[in-house]
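Note that the structure is predicted; figures quoted are calculated from it, not measured. Just so it is clear: chains get the letters A, B, ... in the order the sequence lines come, proteins before strands, and each one is counted from 1.
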Amino acid sequence: MRDAEVSRNLLDWYDVHARDLPWRIGPAARVSGVRPDPYAVWLSEVMLQQTTVAAVRDYFHRFTARWPDVTALAAAEDAQVMGEWAGLGYYARARNLLKCARAVARDHGGRFPDTREGLLALPGIGPYTAAAIAAIAFDRPETVVDGNVERVMARLFAVETPLPTAKPDLTALAARLTPAERPGCHAQAVMDLGATICTPRSPACGICPVMAACAGRARGIAADLPRKLPKGVKPTRLGLAYLGRRTDGAWLLERRPDRGLLGGMLGWPGTDWAETEPVSAPPAVADWRPLGAEVRHTFTHFHLRLALWVADLPADCAPARGAFVDRHDFRPSDLPTVMRKAFDLARGGFASD
DNA sequence: CACCCGTGGAC
DNA sequence: TGTCCAAGGGT
């Protein structure tokens, strides 16, 4: 089967089986020449970086309801956007999302650049996202390579070189299949195939539209591809967090520095997280008591065990760190997950009111 | 270029 | 419970 036939089969399959996703336009609209909204494409693609469709859906709806276009988002306050992103992870994406929206509003008159190169110059838009927006929103014949595409190419062409070494080869193979017509649909077809049929484990080769062309299947090694270098062991880090509540119900919280882990997010004051036993460092003078429970949470590259300390703080409390957030302004959903877990465990440790 | 950066679901 | 994994980008 020639490359053009493979691409044709993928597109035919996509036209029948394309998933109905909130950021996509329907086939009827597409046939009438309607293009997807670049803002919706950009927002969804950033949210989908290393994140599943199931996790993104509700966030996408909340963001577009609150900020319907890039100009509205550009005008939003940092804390509002970070709070709305809370729970989705990889918080540098939210910081760059705002930077990007403001750059588009200020430097591009509120319109996204319509080329890969133009998009690539914006914060939070890398090779994948630039190609995806250019292809999907602007009908540019760019080659889109994400984890799905790498897996599909590795299997289709039986590439046994492990990732990430194989990346350039897989990109070249994906480029061979990229058609001049409907490149955006082609890109989404390959990604949909990877997400629904050519899955990482137990791929459904029996119903695959390009089964006949698949060298991996022919050799019986499809499910073992792509090969990957073994990963290192995650260390365990320890830390303390202080959950202080003032008598009027206000919570003592702290905005984390813009860089690094959970950068720019709200959190409980506490120690650094290290592999050695933490040294106590309460953010205010008070009768801190151990909760007797700890948060266990796993990040990308380490496990965390976070011991919780709680205290009732006096009305005239002057904290050395952080600031009080009025009980009516405090939304637990504004917290990153590890901090929300701490709140869920500790809230019972305070007198109810 | 190697490392850093979240989270929840599947198995 | 532990491990792997997902529509990557920044530094």
Side-chain angles (χ1 to χ4, degrees), chain A residues 18-19 21-24 40-60 82 85-97 99-100 119-133 135-137 142-152 163-165 167-168 171 174 184 186-196 198-203 223 226-237 256-265 267 273 295-304 333 335-341:
Chain A
R19 289 181 292 173
L21 301 176
W23 44 87
R24 287 184 178 170
V41 173
W42 163 70
L43 181 61
S44 65
E45 289 299 343
V46 172
M47 287 183 165
L48 286 164
Q49 290 167 3
Q50 297 289 286
T51 310
T52 58
V53 166
V56 163
R57 222 182 215 107
D58 290 347
Y59 283 87
F60 179 82
M82 299 311 287
W85 195 277
L88 198 54
Y90 284 136
Y91 298 100
R93 293 185 296 173
R95 302 194 299 274
N96 287 327
L97 191 80
K99 286 183 194 169
C100 182
L119 291 158
L120 202 48
L122 291 166
I125 299 184
Y128 162 77
T129 306
I133 298 173
I136 296 169
E142 301 293 350
T143 300
V144 177
V145 183
D146 73 333
N148 287 309
V149 177
E150 290 177 356
R151 184 171 59 257
V152 171
L163 285 168
T165 309
K167 171 101 176 179
T171 299
H186 170 80
Q188 293 176 93
V190 181
M191 292 191 285
D192 271 23
L193 186 78
T196 62
C198 196
T199 52
R201 283 176 294 217
S202 43
R227 305 203 193 283
K228 296 186 178 180
L229 265 25
K231 299 178 181 176
V233 192
K234 287 179 181 173
T236 296
R237 295 187 188 174
R256 297 173 65 87
D258 258 350
R259 291 175 174 274
L261 188 66
L262 307 181
M265 298 302 290
W273 302 338
V295 171
R296 288 178 178 244
H297 191 77
T298 299
F299 292 96
T300 312
H301 52 293
F302 66 93
H303 303 288
L304 175 67
S333 64
L335 300 175
T337 298
V338 64
M339 299 297 176
R340 189 181 44 72
K341 282 183 180 176

Spacing between Leu193(A) atom CG and dA6(C) atom P, to the nearest angstrom:
14 Å
Base, sugar-phosphate, or nothing: which does Lys228(A) touch, judged by heavy atoms less than 4.0 Å apart?
sugar-phosphate
Evaluate the side-chain proximity of Lys167(A) to Val145(A): yes if any heavy-atom separation is below 4.5 Å, no if none is.
yes
Nearest-Å distance, CZ (Arg340(A)) to C1' (dT7(B))?
10 Å
Backbone of Gly124(A) reached by a side-chain donor or acceptor of Arg93(A) within 3.5 Å
no
For His303(A), what residues pass the side-chain contact (heavy atoms from CB on, under 4.5 Å) criterion, not counting sequence neighbours?
Lys234(A), Thr236(A), Thr298(A)
Using whole Å, what does the distance between atom P of nucleotide dC1(B) and atom CG of Leu229(A) come to?
15 Å
At their closest point, which heavy atom of Cys100(A) faces which heavy atom of Trp42(A), and how far apart are they?
SG-NE1, 3.6 Å
5'-most by nearest nucleotide on DNA chain C - His303(A) or Glu45(A):
His303(A)
Can you name the closest pair of heavy atoms from Ile125(A) and Ala130(A) and give their distance?
CG2-N, 3.5 Å
Give a yes or no answer on whether the side chain of Arg256(A) reaches the backbone of Leu261(A) with a donor-acceptor pair at less than 3.5 Å.
yes
Lys167(A) NZ to dC1(B) C1': how many Å, rounded?
14 Å
Just checking Arg57(A): base, sugar-phosphate only, or nothing, at a heavy-atom cut-off of under 4.0 Å?
nothing
Scan Arg296(A) against the nucleic acid and name what it touches under 4.0 Å (heavy atoms): base, sugar-phosphate only, or nothing.
nothing
Quote, to the nearest angstrom, the P distance that separates dG9(C) from dG8(B).
22 Å
Nearest-nucleotide wise, let me know which of Leu122(A) and Leu21(A) is further upstream toward the 5' end of DNA chain C.
Leu21(A)
Let me know the distance between CG of Asn96(A) and C1' of dG8(C), rounded to the nearest Å.
12 Å
Can you pull every protein N or O that's under 3.5 Å from an N or O on nucleotides 2-6 of chain B?
residue: dC5(B); atom: OP1; partner: Leu261(A); partner atom: N; Å: 3.3
residue: dC5(B); atom: OP2; partner: His301(A); partner atom: NE2; Å: 2.4
residue: dG6(B); atom: OP1; partner: Tyr90(A); partner atom: N; Å: 3.4
residue: dG6(B); atom: OP1; partner: Tyr91(A); partner atom: N; Å: 2.7
residue: dG6(B); atom: OP2; partner: Leu262(A); partner atom: N; Å: 2.5
residue: dG6(B); atom: O4'; partner: Tyr90(A); partner atom: N; Å: 3.0
residue: dG6(B); atom: N7; partner: Tyr90(A); partner atom: OH; Å: 3.4
residue: dG6(B); atom: N7; partner: Thr300(A); partner atom: OG1; Å: 2.8
residue: dG6(B); atom: O6; partner: Tyr90(A); partner atom: OH; Å: 2.9
residue: dG6(B); atom: N1; partner: Gln50(A); partner atom: O; Å: 3.0
residue: dG6(B); atom: N2; partner: Gln50(A); partner atom: O; Å: 3.2
residue: dG6(B); atom: N2; partner: Thr51(A); partner atom: OG1; Å: 3.0

Let me know the distance between CZ of Arg19(A) and P of dA6(C), rounded to the nearest Å.
13 Å
Measure the distance from NZ on Lys341(A) to P on dT7(B) and round it to the nearest whole Å.
8 Å
Length of the CG-P vector between Leu163(A) and dA6(C), whole Å:
10 Å
Does Lys231(A) place a side-chain N or O at less than 4.0 Å from the phosphate oxygens OP1/OP2 of dC5(C)?
yes
With Pro226(A), which residues qualify under side-chain contact (heavy atoms from CB on, under 4.5 Å), at least two apart?
Arg151(A), Ala154(A), Leu163(A), Lys228(A)
